[in-house]
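In what follows, a structure is listed as structure tokens, so that the remarks can point back to it.
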Amino acid sequence: MTFKTRFAPSPTGPLHLGHAYSALVAHDMAIAHGGTFLLRIEDIDQARARLEWETQIFDDLAWLGVRWPEAVMRQSQRQQAYNQALDTLWARGLLFACTCNRRDIFAAAQAPQEGAPLIGPDGIVYPGTCRDLHNATHAQMPRPRNVALRLDMAAAVQALQADQSARPLLEFSETGSGPNGETGQFDVHYDTLAETVGDVVLARRDMGTSYHLSVVLDDAEQGITHVVRGRDLFDATQIHVVLQGLLGLPKPVYHHHALIRDQAGKRLAKRDDARAIRKYRDDGCTPEDIRRMIGL
Ligand code: GLU
Ligand code: ZN
């Protein structure tokens with residue numbers, strides 16, 4: 001079996017121990033399987049992405065002994081593919097424009113009849129305000145630009161269920177484990193997706209795409225067979241599986257790994273600069289020291 005995996009950092013800060021762990025686990029698995037390890041720069045958030053961080057990520061990875069044989073994929077150069085997928089989903093009536101801001105969503109989700117706001121893998125489950133405004137003919141209009149687009153999750157699930165092969169579309173194979181020890185063949189509970197995950201944003205107003213849409217399109221484009229990443233993304237995988245089903249994309253095997261914690265047992269924050277690889281390098285650590293620190 002071919003094995004192709006990737007490490008997909010966002011260049012919004014230094015590479016720290018948690019990133020090093022993720023990159024090395026994926027890299028070591030690729031080597032053990034005689035496979036390929038690729039690198040992808042997830043820089044859709046152009047307001048936060050910096051070229052200096054990207055350069056430092058390459059440098060730190062090379063220092064750690066990580067090699068990638070193919071050209072690096074950059075999400076900021078993939079907007080055309082994202083647009084195409086959004087056009088397809090829009091034409092099928094599965095997207096709607098959303099003009100709510102965070103405060104609107106919080107207020108609507110907190111309305112007395114709603115109870116406590118439900119938190120899904122993407123934050124507060126969207127209360128549906130703008131979904132109810134669109135009508136059956138909206139998909140015949142051109143897809144609006146410069147506005148957030150959400151996936152109508154109930155309609156998406158219905159479209160998948162109408163598909164003859166719906167069942168295999170809504171399962172995935174996990175070789176690591178989720179936060180509650182989920183492993184093996186895992187069913188996406190499609191009958192509750194609309195309530196527990198809700199209408200996730202697929203195109204942010206300021207970006208024209210989103211993490212979820214980009215990650216599934218790019219994994220497919222890079223021919224990724226095994227997605228190796230932190231356990232914090234396990235719950236988001238159900239969104240990715242739905243999108244793969246809707247867009248007819250191949251489904252990789254998933255391997256969610258444990259998260260590196262600090263001495264107090266706290267998860268390393270994305271910008272925990274105190275644990276930056278660069279700092280350990282400056283202190284005279286070797287790549288072997290780093291491996292030892294993270295138990296590899
Ligand atoms: N860019 C994501 C992150 O920094 C990783 C996405 C993924 O591996 O699916 O956490
Ligand atoms: Zn809205």
Side-chain angles (χ1 to χ4, degrees), residues 4-16 18-23 25-27 29 37-45 48-49 53-54 57 61 72-76 78 95-109 121-134 138 144 147-153 172 176 198-205 207 209-222 224 226-241 243-244 252-257 259-260 267-272:
K4 213 178 207 193
T5 189
R6 51 39 169 206
F7 175 55
S10 300
T12 54
L15 207 69
H16 64 53
H19 299 111
Y21 181 75
S22 205
V25 167
H27 181 255
M29 279 177 82
F37 170 90
L38 300 179
L39 190 57
R40 180 167 75 229
I41 293 294
E42 303 220 318
D43 58 351
I44 51 174
D45 190 349
R48 290 174 59 226
W53 292 129
E54 192 180 305
I57 288 170
L61 287 175
V72 173
M73 176 179 275
R74 246 182 220 83
Q75 292 193 321
S76 55
R78 297 261 304 142
L95 302 181
F96 62 90
C98 173
T99 52
C100 301
N101 59 31
R102 272 169 201 277
R103 204 173 328 131
D104 298 333
I105 293 172
F106 191 71
D122 221 31
I124 293 184
V125 174
Y126 181 66
T129 323
C130 296
R131 183 199 333 118
D132 303 335
L133 297 177
H134 77 238
H138 85 287
V147 64
L149 297 175
R150 288 182 180 274
L151 179 69
D152 181 336
M153 188 60 86
F172 67 92
D199 303 333
V200 290
V201 170
L202 290 193
R204 284 177 48 172
R205 188 176 67 87
M207 286 183 197
T209 184
S210 63
Y211 160 65
H212 300 301
L213 182 70
S214 294
V215 88
V216 296
L217 289 168
D218 295 348
D219 282 336
E221 178 67 20
Q222 288 191 295
I224 300 304
H226 290 72
V227 170
V228 179
R229 62 185 179 192
R231 194 165 286 165
D232 53 331
L233 289 168
F234 178 83
D235 285 340
T237 308
Q238 47 191 333
I239 301 170
H240 302 167
V241 167
L243 291 175
Q244 284 152 358
V253 170
Y254 286 88
H255 183 97
H256 291 93
H257 60 65
L259 300 173
I260 295 292
R267 210 185 111 196
L268 288 188
K270 277 232 154 104
R271 271 167 300 183
D272 194 344

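Source: prediction; values computed, not measured. Remember, it's 1-based here, ligands and their atoms both numbered in the order they're listed.
- Annotation: side chain of Leu233 is not in contact with side chain of Val215 (no heavy-atom distance under 4.5 Å).
- Heavy-atom proximity to atom 7 (C) of ligand 1, evaluated over His240, Glu42, Arg6, is greatest for Arg6.
- Taking only nitrogen or oxygen atoms, main chain and side chain alike, Ala8 reaches within less than 3.5 Å of ligand 1.
- Close contacts of ligand 1 with Val215, meaning ligand atoms under 4.0 Å from a residue heavy atom, involve 9 (O).
- Here His256 has no heavy atoms under 4.0 Å from ligand 1, in either its backbone or its side chain.
- Cation-pi geometry between Arg131 and Tyr126 is not satisfied (NZ or CZ under 6.0 Å from the ring centre, within 45° of the ring normal).
- Because the distance cut-off is set at 2.8 Å, Thr99 fails to qualify as a neighbour of the Zn ion (ligand 2), as none of its N, O or S atoms comes that close.
- To the nearest 0.5 Å, atoms CD (Gln244) and CD1 (Ile239) are separated by 11.5 Å.
- Proximity of Leu233 to ligand 1, defined as any heavy-atom pair under 4.0 Å, is confined to the side chain (atoms from C-beta onward).
- At least one heavy atom of Tyr211 sits under 4.0 Å from some atom of ligand 1.
- Between Val228 and Ser22, the closest side-chain pair of non-hydrogen atoms is not below 4.5 Å.
- Not a single heavy atom of His19 sits less than 4.0 Å from an atom of ligand 1.
- Of the residues His226, Lys4, Arg40, His240, the one that meets the side-chain hydrogen bond (donor to acceptor under 3.5 Å, both in side chains) test with Asp219 is Arg40.
- Thr237 and His256 share a donor-acceptor pair across their side chains, judged by distance under 3.5 Å alone.
- Angle SG (Cys130) to the Zn ion (ligand 2) to SG (Cys100): 110°, rounded to 10°.
- Residue Ser76 forms a side-chain hydrogen bond (donor to acceptor under 3.5 Å, both in side chains) with just one option from Asp43, Asp45, Thr209, and that option is Asp43.
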